[in-house]
Every structure is written in structure tokens, then in C-alpha cells.
Amino acid sequence: MKGLTSILIINKIWRKVLVGSTIILLADLDYFFAQCEELRNPDLKIKPVVVGVYSGRTQDSGAVSTANYVARKYGVNSGIPLHLARKRLQNVDAVFLPVDYKYYKHISDEIMAQLRSYSDLFEQVGIDEAYLDVSKKVQGSFKAAGLLVEKIKNEVKKKIGISFSMGIGPNKLVAKIAADSNKPDGLTIVKPSNVNSFLESLPVSRLPGIGKKTSQKMNLLGINTIGDLAHYDVQSLIDSFGRNLGVYYHNSANGVNNEPVHEANEAESISRISTLKENTRDLSALLDKTDQLILSIHRDLLNRNSKFKRVGVIAIMANLSVRSKSKTLLSSSDQIDLLKKSVQNLLESLIGESEMKIRRIGVKISEFTSNKETQKQLSSYF
DNA sequence: GTATGCTTTCGGC
DNA sequence: TTACGGCCGAAAGCATAC
């Protein structure tokens, strides 16, 4: 065992000598949905562009998915109600469009293929982000990495017409924060020797995984910047946030992160959610909607040749609070009737727990097993 | 008391 | 005056087993 460890360490040192340090890129496609709309209609570029999810319940009910930077100047950001966006842009020549996911996905696929070709290891995150491990490709040189990124940016701009922001760092965490710090069309390089000075003055909320709630809690402990967090006693962090998070926060604040770049796996859950025409707590009205959602989920399930073992329903109540119910089955299944029956049971019990009417309803399945595996096991058994 | 598993909520994009 | 999507994975919260 000791011998093996030594070999691994020697291996690591050799790698360092041969290729230099690890270099990770994070590419983040700028205001992606809105930029895609500008791509197919360049006249939009000078106007505020708002891409929204329209729920169909009233004119303009829904939320903003992405807005271009012209619209953001008016306070129109992701997540705000479309009505509010209208109000903020009422005296401006603004353009409101519904999301066209298929089109955006097509553009994304082309860009991702391009990015992948420049990487040693590639990991797509969502429709608009990707990590590239380019350590070998650039021989561990941050300078070479910077030149490579300029080249990729120009090529994607020329071939596809989309801009993105890039962060370069010694690991995924630093690359991500770097990319966030200069948008749109930015490039930020953080060499290992600059990691600490780069991070220390930033607010803790810039660390992935630290949102509003956690940063408020940290502020109460006197932790405001990432530098404060980096110097805070680890054991005290563990006491406040638990072992996993405490260690994660400590390492992250010090720029330490060893997450490898790897190809994304298949999704761990499939879900659909939809806004009802009007608020209701009538079971048959809800089941009409969940049946539609189930049909779409089941199509996806068959496409990936999987079985599910867990079923859930999620309800957004009239006051926008969220309730959910889920259940693990005794065995995996791909049967739509079982799915429908499970959803009905969960829905009945959820309705029984509150007097409030429901505004949006969703269905989710998870804990998949592959049909292929099952078939293999069966055939080898017989 | 700690690990594990199940269920609900949180939060990023 | 108010206004409010549709995903996903991770974390939190809780119960049970050892």
C-alpha cells in the first residue's frame, strides 16, 4: 500500500514536471437566450430584449428567463415577473419574446462541439456553460491558455456569432469565479500565485453554493469577504455549518478545489411543471394536468431506456409557497399506469394537508436504473 | 453517537 | 396596486438502524 502511494505521488510530481500545472477554463455563454434572439434578428441588438416564460394564464403572466444588457440597465433581470419588466420598459422600444428552447439548444450544441474540440477533458453544465481541462493542450502554461482562449473566442464569434465569457484558473472553482467577474465577452486569468489576492476582497456570496441565506449567517459571524472566511477557524465553521459544508467553505475560500472535469452523466431526475389556468384544489382538474405532464415525462423515460423508483409531485400554492410529496417504490418500473396511480395518491395526500388552492403543479421521477443493465443481468442469469 | 436512507426544501440558471 | 417559469442538483431535515 505504501509502495502504491509512493508511486502515485511520484506520478503526480512527474506530471507536474512534464506538463506544468492544471489549467481549467470555464466558458459561460453571455445572456444566452437573448443573445440567440439577437443572432437571428440583429436589429434587436440596440433594443432591450426580454426572453420570458409565458404561463398563458393572462396576458404577460410569467417570468423573465433572460434579458440582454440593454434591458438590464432598466432593472430587468432574470426571474422578475413579466408584468414588472413591462412596467420598467414602458416608455422604451423593448422587445418581448417567448423562449424557443429548441433553437437555443441547436446553437448551444454547435458551440459545445467547438469548445470540446479544444479540450483534453470536457464537461457541459446546463445549456450555456462548460468546463474545459486544457492542462496538456497548453503544457501547463497560463500564457498559452490565454492565447488559446482568444483564439476560441474569435473562432466561435466568426463561425457561430455568439460571445461568451471565460475564466481561467488552476481549478473549476477559481475558473468559475473568474468568469463571473468580467461579463459579457470577458476573459479573466487567475494564476495559482494570484488566487488568494484575487479571492480575498470578494464578498462570500461570490463562492458557488453560498447564497443569500448562508451569506447572511456568515455576516453575523463577522465573515464578509472570502478573505475573512479563509482565515476563519475551520472547527468553528464545522460547528456552525456541519462537517461537509464547513470543510467545503474553508477549502473554497482558500482557492482549494480538486473536482475533476468529467463528461456530464445522464440527468438524475426528470420533471415537468406547469401553471394551471386558474387556482384550484379539485383533484380531477389537477389530474388532467398531471396526466399531460406524465405523458411527456414517460416519453423521456422510454427514450433513455430507464426505469424509475421514485415519484414526486410538487405544488406551488396560491401564495407562491412550495409544497412537495414524494415516495420511493418497492421496485423500479417504467409503467405509465403505475406512475399515474402514484401521482394520484401523492396528490390526494398533498391536497389533504392544506386548505389553500394550487397555482402550479409538477411531477418528478428519479432514482433511475438502466433497462440495459437489467436485461444483461437477466440474460446472464438464464 | 454515527451512519444510512428517505423525504422536503433551497437555490442556481 | 399588484404583478411570478421550468427545470435541475444539492442541502437540509428527519427517522431508523447499528
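The chains referred to below are lettered A, B, ... by the order of the sequence lines, with proteins before strands, and numbering in each begins at 1.
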What is the distance, to the nearest angstrom, from the CZ atom on A:R359 to the P atom on C:dG5? 5 Å

Per atom distances to the A:S61 side chain, the nearest of C:dC4, C:dC8, C:dG9 is C:dC4

B:dC13 phosphate, OP1 or OP2, under 4.0 Å from A:S78 side-chain N/O: no

Intermediate values then yes/no, side chain to side chain donor-acceptor pair (under 3.5 Å), A:S366 and A:R310: CA-CA 5 Å; A:S366 55; A:R310 188 174 183 79; 4.6 Å; no

Note: A:K176-A:E129 ion pair, threshold 4.0 Å (strictly below): yes

Are there any protein N/O atoms within less than 3.5 Å of an N/O atom in nucleotides 11-18 of chain C, and if so, which ones and at what distance?
none

A:H83 NE2 to C:dT2 P: how many Å, rounded? 13 Å

CD1 of A:I80 versus P of B:dC13: gap in Å, rounded? 18 Å

How are the rings of A:F33 and A:Y104 set to each other: parallel, tilted or perpendicular (split at 30° and 60°)? parallel

When you check the phosphate oxygens OP1 and OP2 of B:dG5, does a side-chain N or O of A:T328 lie under 4.0 Å from one of them? no

Between C:dG9, C:dC7, C:dG5, which one does the side chain of A:I273 approach most closely? C:dC7

Would you mind telling me which of B:dT8, C:dC7, C:dG6 lies closest to the side-chain atoms of A:R310? B:dT8

Any carboxylate oxygen within less than 4.0 angstrom of a Lys/Arg side-chain nitrogen, looking at A:K307 and A:D334? no

Between B:dC13 and A:K176, is there an OP1 or OP2 to side-chain N/O distance shorter than 4.0 Å? yes

Gap between atoms OH and C1', on A:Y101 and C:dG5 respectively (whole Å): 14 Å

Which whole number of Å gives the distance between the C1' atom of C:dG5 and that of B:dG11? 15 Å

What is the distance from NZ of A:K87 to P of C:dT2, rounded to the nearest Å? 8 Å

Centre of A:Y131's six-membered ring, under 6.0 Å away, within 45 degrees of the axis: is that where NZ or CZ of A:K172 sits? yes

Distance, rounded to the nearest Å, where A:I358 contributes CD1 and C:dC4 contributes C1': 17 Å

For A:E353 and B:dT8, what is the distance between atoms CD and C1' respectively, to the nearest whole Å? 11 Å

Would you please confirm or rule out a distance under 4.0 Å between OP1 or OP2 of C:dA3 and any side-chain N or O of A:T58? no

Would the number of heavy atoms belonging to other residues, nucleotides or ligands and lying under 6.0 Å from CG of A:N258 be above 12? no

